[in-house]
Amino acid sequence: MATELHRALAELGTAIEPVASSVAKVGEKIPLQKPYFISYSVADAESVTITSQYGAIMNSSESHERTADVQVRLGSPAQDNTHDAHRTSALTTLALPLTDDRAAIERTLWYATNRGYGKALDALEKVKTEQQVRAREEDSSPDFTEERPQVDILAEEPPLTVDRSAWESRLREISGVFRQYPNIFYDTAVLQATHETDYFVSSDGTKVAAPNHVARLIVAARTRASDGMDMFRDETFEADSAGHLPDQAEVMAKTQAMAKGLNDLRTAPITEPYNGPAILSGRAAAVFFHEVLGHRLEGQRQRGDEEGETFTKLLGKPILPDFLSVADDPTLTQYNGYPLSGHYLFDDEGQPAQRVQLVQDGVLQTFLMSRLPIAGFANSNGHGRAETGKMPTGRQGNLIVTSTKAVSDAKLRQMLKEAARKQGKTYGLYFEDISSGFAVTTRRSPQAFQVIPLVVYRVYVDGRPDELVRGVSIVGTPQAALRSIVATDDQPQIFNGLCGAESGTIPVSAVAPAMLVSQIETQRQAQGTARPPIVPPPPLDDATNTTSSPKGGR
Amino acid sequence: MKLRALLLLPILGSLALAEVPQPADPILSAMQQELAREKSDLVIPGMLRPYFIQYRLEDIHTYDAIASYGALTRESESHQRVVRVEVRIGSETSDSSSARGDGSLELAPADGDPAALRYALWSATDDAYKNALRAYATKQATLKTFQSAPTANDFSLAKAVTLVEPLVTLSIDRDDWKHRLIEASGLFATSPETRSFAEALQYSSASISALVVNRYTVNTDGTMLRHGYSGYTEGVNIGGQADDGMNLSRSNGSVATTAAGLESDAALNKRVIDDLISFNELRHAPVVDAEDYHGPVLFSGDASAEVFDRLFVPNVEADRPDIGTSARTQGAYQSSYRTPILPTFLSVVDDPTLRTFEGHALLGAYKVDDEGVPVEPVDIVVHGKLMNYLVGRQPVKDFPESNGHGRTALGQSAHSRAGVVIIKSSDPLSAEALRAKLLALAKEQGRDVYSVETLSGELAPRLLYRVTPDGKRTLVRGAVFDELDQRAIRSGILAAGGKPYIAQKVGTVPETTIAPELLFADITVKRANEEQQKVPYYPPPELPKD
């Protein structure tokens, strides 16, 4: 198929001669310009999704889709139709035939390329006009980098095979756990497995094909306290295939623990707003770094009228304490035996994935680059990523945070208590689990971020047992939060997840040790005012309480 | 609640929910079980109890496939179940309901697990009740701000009905149909009749879409229903541009209640070729006159059905009027009760009890509507006068009872919707006589007239012919109609007849319209003023030589 794409590209790319032309004066014809760059990026994906709730299967389906992202650039690398607000003018997305019918594929690509050319032409005119009218831009870097062509055709993904019936039984048992918790009013357990082959062909000579497979099992649940506060928890298990996901015993144990924890949270006391020391568990710190640091180091955020550019001017300066370093390495498939979600071989612009040292000993070194250059950085470093249907931008892959000031967990706890005592607090906070919230990086909004703590404990200075609390949300500005990290533990933990931003939703991971911060600011979580359910859930009689065997019926 | 039901059900006997015979269907059984529990227990102390609760489960099975340029592009199948719970607070006179309808939706187990089904119903009932309490309080306050009371009650009473029909299953030879679609969408390149203009064709696709719905309903009136319907739709969609950039396309197909009822392989291929040739004819057809035409136009049955579907049917489906007004309903005929809205030789009936017509199974047929009210034919228009609106359990002024037209789209609340609409003339002309009458008008007026075969969306002509007084027809392109409105159908139809056309659509609710050809006296035909897109910047790839 790669060959067909290539031939289609070569034939069509050169065929955009001045065939039709715009008419300036009656009778006079002006030749239209040729694109300086065209690329075809095709995702051929097979996936299976099975959804279960409360011990029953809600949905079980599979799909096969082939989608082509056609990119057309007019003008020159210095200035083309993607400049500034017109970035999406380069992209046209269309479904491709599922079979390798060459004529049909070529015809579809022609149709999309023709549409793309029209869009690009229109956008380029607008870009030229806007440039004449506006004030000088802060960053006048080109719109596209020059890169060496890559050629690497790897083996295609084999067809996806999932034992759906076996997984349906497993999921029934997993979500059936929640039948024992009448106060948890929503639960779900979802299996998703995908086999994808990504093809990329470009007019500057790149031709790559790379396989990609992942399986995810997500269990989530929600409850509501009697005062109307909503709480939720989730567990994600990930592997390279459904067959390599953790076994049922492990998943059941984690699900039971999560359900019990969520149930306990209902009756936990509400905490008051707080400003003091805290420990973020490794998993919580990983999410924290992804949101607070990772997003702000994406290349394209350092340029553009709408961007906040928090770290743009801090290149070469310390942004973290000197015992912390941060790298983003998509070439890693696993960490300590656990799979990493953000692994890829080629990014969505056909560039090879690279390990990038973002921060060394606290000092900012570089950014996550796509083929959109920024001041001081003329090349991609293999981080141009996008969901199908979106234009690639610089994104994270596997964010790895390392520390040279690592102490044991016990010591870190002790340090927390000491810090709290010194600040005159009766307790410090321990964030065991947080959910990625959203990062706000634009110019118009305040430089704030919000991650959602899910499990928080008070760690008392006087040695009382830790107390689970609810209603906490972390607030603050990025630099202040990062600079207040004082020490870490020696047990890195992994967060695997899906990250959504302008170029769409992509799989990522972050790895970090637990961290002691001297100053974290929290506020009370906004809460709903809805009552918990009025009538208790329907009684379960003996016949319907067992969930280990599949249920028949229509 | 029970006492009121007694007054309405002197014949039926068993009234209390506990006495309704236990259904053999485990889904209905689980639904009844949870409904009984909620009916007894659901109340916030100090607040109103619901006076009506309805549970509905929809089992929705779909299959879709589409092929483009001779290759399969997409195939998808889904099977899911959704429950919808409706709770009403107050009384039939004035309750918590809104014009749009209120209900809470939840996913329901696809595998029929009764405990999970009851759980989903419980969850949705809790939501629906809380929303209803809020809505009732707000609505009562709003009503107090208006001078006059609403023109009708919020809900009408209905007898308990039990009707459990056989389940419907989705049945289609997927491989065979994919093969057909692939072949059909690729004919432009392979068939000798169309090869010569294949390069001008920009898109060519063929698709199939199957929908099977089984609907289970129980409510506190004591009604228990199980009803299934199916709709299979296949079609082709081809098109491109004329040399001046005008977008041209042909898009049509067949609809049936079974896959076997769709057109045959040969018929589908013939349709594609006919469409391709038609597209080419359109490309070379002259653009319609720059100056407007006001005069006779003959509408085919196909075109007439679409005119009625757009201009007439929605306006005889009675909906709740805007709050605070004294209108009867919404739409163009809200105050036309017992007045002429069509010529005296036309009558319109909605008869969902008609299951077939000339051998075709009718999609819009049903026995009992989705609110549990049995349906009988309704004379909407009698000799041109509007005598009845189509009404569900939402009463409107002068129509306090449902006439069995409360129908629901998937996941929605019931609204008044037509079933099988039949437009008939008391003085029909044959097809030849209609043509002769058109030519007679042309001769009389000393000019060319128009005849339209088929419309595109928005009542614009797709196949429009200019007709000379001696009957010569010329296809023209780029035209739109104007002044094709309620007045045109009220006083502008000269004659009707020819072969009735059966227009069927699966739509949001399945419907059928059966319409004759119509000769209009005075319709405007004018040139569309649309911006012409640029033709392709470069030619498509060469077709394989075989």
Side-chain angles (χ1 to χ4, degrees), chain A residues 8 11-12 15-17 19-20 22 32 51 53-61 63-66 95-99 101-111 113-114 117-118 121 168 172 179 185-186 530-531 533-541 543-545 547 550-554, chain B residues 25-27 33-34 37-38 41-44 59 66-81 107-123 125-126 129-130 167 182 185-186 189 202-204 214 533-544:
Chain A
E11 164 197 320
L12 298 169
I16 305 190
E17 297 287 346
V19 172
S22 61
L32 292 174
T51 312
Q53 282 181 15
Y54 202 69
I57 297 297
M58 307 314 250
N59 197 18
S60 178
S61 63
S63 79
H64 181 195
E65 281 170 8
R66 246 187 212 178
L96 276 191
L98 298 170
T99 50
D101 181 318
R102 172 132 184 257
I105 291 176
E106 285 186 353
R107 193 107 186 179
T108 312
L109 289 171
W110 163 78
Y111 187 78
T113 310
N114 182 67
Y117 181 76
L121 204 57
E168 284 167 15
R172 282 197 186 95
R179 291 190 177 197
F185 62 78
Y186 171 80
R531 296 170 104 112
I534 295 160
V535 173
L540 295 159
D541 46 54
T544 54
N545 207 6
T547 56
K551 287 277 163 244
R554 278 169 280 192
Chain B
D25 183 317
I27 290 180
Q33 219 178 326
E34 184 57 18
R37 191 179 77 105
E38 296 282 355
D41 297 352
L42 181 67
V43 69
I44 294 178
D59 181 313
I66 179 165
S68 247
Y69 305 127
L72 186 71
T73 308
R74 213 176 82 103
E75 182 184 16
S76 68
E77 184 152 359
S78 92
H79 193 166
Q80 68 174 26
R81 287 181 176 167
L107 279 183
D111 61 7
D113 183 305
L117 170 56
R118 292 202 307 273
Y119 191 83
L121 288 167
W122 161 76
S123 180
T125 309
D126 188 72
Y129 177 54
K130 289 166 176 164
L167 290 169
I182 287 167
S185 68
Q202 291 173 12
Y203 52 90
S204 165
N214 284 292
Q533 298 295 309
K534 280 231 164 323
V535 292
Y537 297 96
Y538 64 112
E542 270 182 32
L543 293 166

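Just so it is clear: chains get the letters A, B, ... in the order the sequence lines come, proteins before strands, and each one is counted from 1.
Residues B/S68 and A/A104 approach most closely at O-CB, 4.1 Å, considering heavy atoms. The minimum heavy-atom distance linking A/R179 with B/A116 is given by the pair NH2-N, 3.9 Å. Closest approach of A/N59 to B/H79, counting heavy atoms only: OD1-O, 3.6 Å. In terms of heavy atoms, B/W122 sits closest to A/P536 at NE1-O, 3.3 Å. Across every non-hydrogen atom of A/Y111 and B/Q202, the tightest pair is CD1-O, 3.5 Å.
Contact annotation: the side chain of B/R37 approaches that of A/P539 to within less than 4.5 Å [non-hydrogen atoms, C-beta and beyond].
For the atom pair A/E106 CD and B/Y69 OH, the distance stands at 12.5 Å (nearest 0.5 Å). In this structure, B/L72 CG and A/T99 OG1 are separated by 6.5 Å, a value rounded to the nearest 0.5 Å. Taken to the nearest 0.5 Å, the CG atom of A/L98 stands 6.5 Å off from the OG1 atom of B/T73.
Remark: B/A120 pairs with B/V83, B/E106 by the side chain to side chain contact (heavy atoms under 4.5 Å, CB included) rule, at least two apart or across chains.
Contacts between A/S63 and chain B at a heavy-atom distance below 4.5 Å are absent for every atom of the residue. Using a 4.5 Å cut-off between heavy atoms, A/S60 makes no contact with chain B at all.
Between the A/N114 side chain and the B/P536 main chain, no donor and acceptor come within less than 3.5 Å of each other. No donor-acceptor distance shorter than 3.5 angstrom exists from the side chain of B/D111 to the backbone of A/A56, with no hydrogens or angles considered.
Note on A/R172 versus B/D113: no salt bridge recorded, every NZ/NE/NH1/NH2 to OD/OE distance being 4.0 Å or above.
Your options are A/E65, A/R531, A/E168, and the one with the most heavy-atom pairs under 4.5 Å with chain B is A/R531.
For the side-chain contact (heavy atoms from CB on, under 4.5 Å) with A/I534, the lone residue among B/I44, B/T125, B/D41, B/V43 that qualifies is B/I44. Paired with A/P538 under the rule side-chain contact (heavy atoms from CB on, under 4.5 Å), one option of B/Q33, B/E38, B/R118 passes, and it is B/R118.
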